[in-house]
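From a predicted model like this one, the values you see are computed outputs, not experimental measurements.
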Amino acid sequence: MIKLHLPYPLSGWDLYNGWGKTRRLSPTYKKWRNDAGYFIKAPKQAIDQPFALHVALRRQNMRQDIDNRSKAILDALQHYGVIKNDNLCERLTMCWDSDLPAECVVIIQVCEEGMAA
């Protein structure tokens, strides 16, 4: 199990600029991913088997959707070598929690099925 405290993740709408061949990481996302990197310590070997991701967020306002915050987190975990590929995420749970030690708390666990093998 890996537990991380991260800055509040961006909405999926804010991750990229452009479409198609001109699509690039947005400056805002580059900054967030760089900032998140200070809180991420990659394991010696990236998780390369199915995993579960549990995310708790401190809600900033009532208009926000929780579902479009996962992409930034998964991409950062892959970028910093915590997970081999975000397509290995087999279970994702997200919740709002006003009583957190950080804006975003992430727990990554190898799926039970993988641990039994």
Side-chain angles (χ1 to χ4, degrees):
M1 179 189 84
I2 298 171
K3 185 175 184 178
L4 303 168
H5 293 180
L6 300 177
Y8 195 80
L10 297 173
S11 165
W13 292 101
D14 299 324
L15 302 183
Y16 300 97
N17 290 335
W19 294 97
K21 292 181 180 181
T22 64
R23 186 174 176 173
R24 301 285 183 263
L25 295 179
S26 73
T28 308
Y29 179 51
K30 285 181 184 178
K31 182 184 179 328
W32 179 87
R33 190 170 71 175
N34 185 59
D35 292 348
Y38 291 108
F39 300 95
I40 297 173
K41 184 176 190 286
K44 290 181 181 177
Q45 180 179 353
I47 295 172
D48 61 357
Q49 55 189 317
F51 65 89
L53 183 70
H54 309 282
V55 179
L57 299 170
R58 193 182 307 150
R59 189 188 293 242
Q60 294 183 339
N61 67 59
M62 294 302 291
R63 294 178 298 138
Q64 292 180 332
D65 295 335
I66 197 168
D67 61 329
N68 63 6
R69 306 282 163 178
S70 62
K71 183 66 176 158
I73 296 167
L74 283 163
D75 285 353
L77 294 175
Q78 183 172 323
H79 177 77
Y80 287 108
V82 176
I83 58 175
K84 182 175 181 179
N85 197 307
D86 60 2
N87 68 6
L88 293 169
C89 183
E90 292 209 352
R91 186 176 311 123
L92 171 65
T93 57
M94 297 184 78
C95 67
W96 298 116
D97 188 338
S98 60
D99 191 31
L100 292 173
E103 295 173 328
C104 175
V105 177
V106 176
I107 297 174
I108 307 129
Q109 294 177 295
V110 173
C111 285
E112 295 85 9
E113 299 81 12
M115 290 190 291

query: Is Met1 isolated, or which residues cluster with it under the ILVMFWY side-chain rule of less than 4.5 Å, directly or via members?
result: Ile107
- request: Output all residues satisfying side chain to side chain donor-acceptor pair (under 3.5 Å) with Asn17, sequence neighbours left out; order by chain, then residue number.
  value: none
- request: Kindly indicate whether the side chain of Val110, heavy atoms from C-beta on, has any atom under 4.5 Å from the side chain of Pro50.
  value: no
- request: Would you please test Trp32 and Leu15 for side chain to side chain contact (heavy atoms under 4.5 Å, CB included) and show each step?
  value: CA-CA 10 Å; Trp32 179 87; Leu15 302 183; over 6 Å; no
Enumerate, atom names and distances included, each donor-acceptor pair closer than 3.5 Å involving a side-chain atom of residues 35-42, sequence neighbours excluded.
| residue | atom | partner | partner atom | Å |
| --- | --- | --- | --- | --- |
| Asp35 | OD2 | Lys31 | NZ | 2.7 |

- prompt: What are the two closest non-hydrogen atoms of Gln64 and Arg59, and how far apart are they?
  reply: O-NH1, 4.1 Å
- line: The reported gap from NZ in Lys3 to CD in Gln109 (rounded to nearest 0.5 angstrom) is 11.0 Å
task: Could you tell me whether Lys71 and Asp86 make a salt bridge, using a distance below 4.0 angstrom between a side-chain N and a carboxylate O?
output: yes
message: Among residues at least two apart in sequence or on other chains, which ones pass side-chain contact (heavy atoms from CB on, under 4.5 Å) with Asp67?
response: Asp65
- prompt: Rounded to the nearest 0.5 Å, how far apart are CG of Leu6 and CZ of Arg33?
  reply: 13.5 Å
query: Given side chains that start at C-beta, do those of Ile2 and Leu77 come closer than 4.5 Å, heavy atoms only?
result: no
message: Would Arg58 and Trp96 count as a side chain to side chain contact (heavy atoms under 4.5 Å, CB included) here? Give the steps.
response: CA-CA 6 Å; Arg58 193 182 307 150; Trp96 298 116; over 6 Å; no
Co-members of the apolar cluster containing Val105 [side chain, <4.5 Å]: Leu100
field: Interatomic spacing from CE in Met94 to SG in Cys104 - rounded to 0.5 Å
entry: 7.0 Å
Side chain to side chain, His54 and Leu92, heavy atoms closer than 4.5 Å: no
message: Testing the basics here: between Pro9 and Arg69, what is the closest heavy-atom pair and its distance to 0.1 Å?
response: O-NH1, 2.9 Å
- request: Could you tell me whether a side-chain N or O of Ser11 sits under 3.5 Å from a main-chain N or O of Asn68, the two making a donor and an acceptor?
  value: no
Closest non-hydrogen atom pair between Leu10 and Tyr29, with its separation: CD1-CA, 3.4 Å
query: Where do Ala46 and Lys84 come nearest, in terms of heavy atoms and distance?
result: CB-N, 3.8 Å
message: The test is side chain to side chain contact (heavy atoms under 4.5 Å, CB included); show your working for Leu57 and Asp97 and say whether it passes.
response: CA-CA 6 Å; Leu57 299 170; Asp97 188 338; over 6 Å; no
field: Within-4.5 Å side-chain heavy-atom neighbours: Val106 and Leu53
entry: yes
task: Compare all side-chain heavy atoms of Val55 with those of Ser70 and state whether any distance is below 4.5 angstrom.
output: no
Spacing of CD1 belonging to Ile83 relative to CD belonging to Gln49, to within rounding of 0.5 Å: 12.5 Å
query: Phe51 versus Arg91: any side-chain heavy-atom pair under 4.5 Å?
result: no
message: If you apply the rule side chain to side chain contact (heavy atoms under 4.5 Å, CB included), what do you find for Asp48 with Asn85, and how did you get there?
response: CA-CA 7 Å; Asp48 61 357; Asn85 197 307; over 6 Å; no
message: Counting neighbours of CG on Asn61 that are heavy atoms of other residues, nucleotides or ligands and sit closer than 6.0 Å, is the number greater than 12?
response: yes
message: Run the side chain to side chain donor-acceptor pair (under 3.5 Å) test against Glu103 and tell me which residues pass, sequence neighbours left out.
response: none
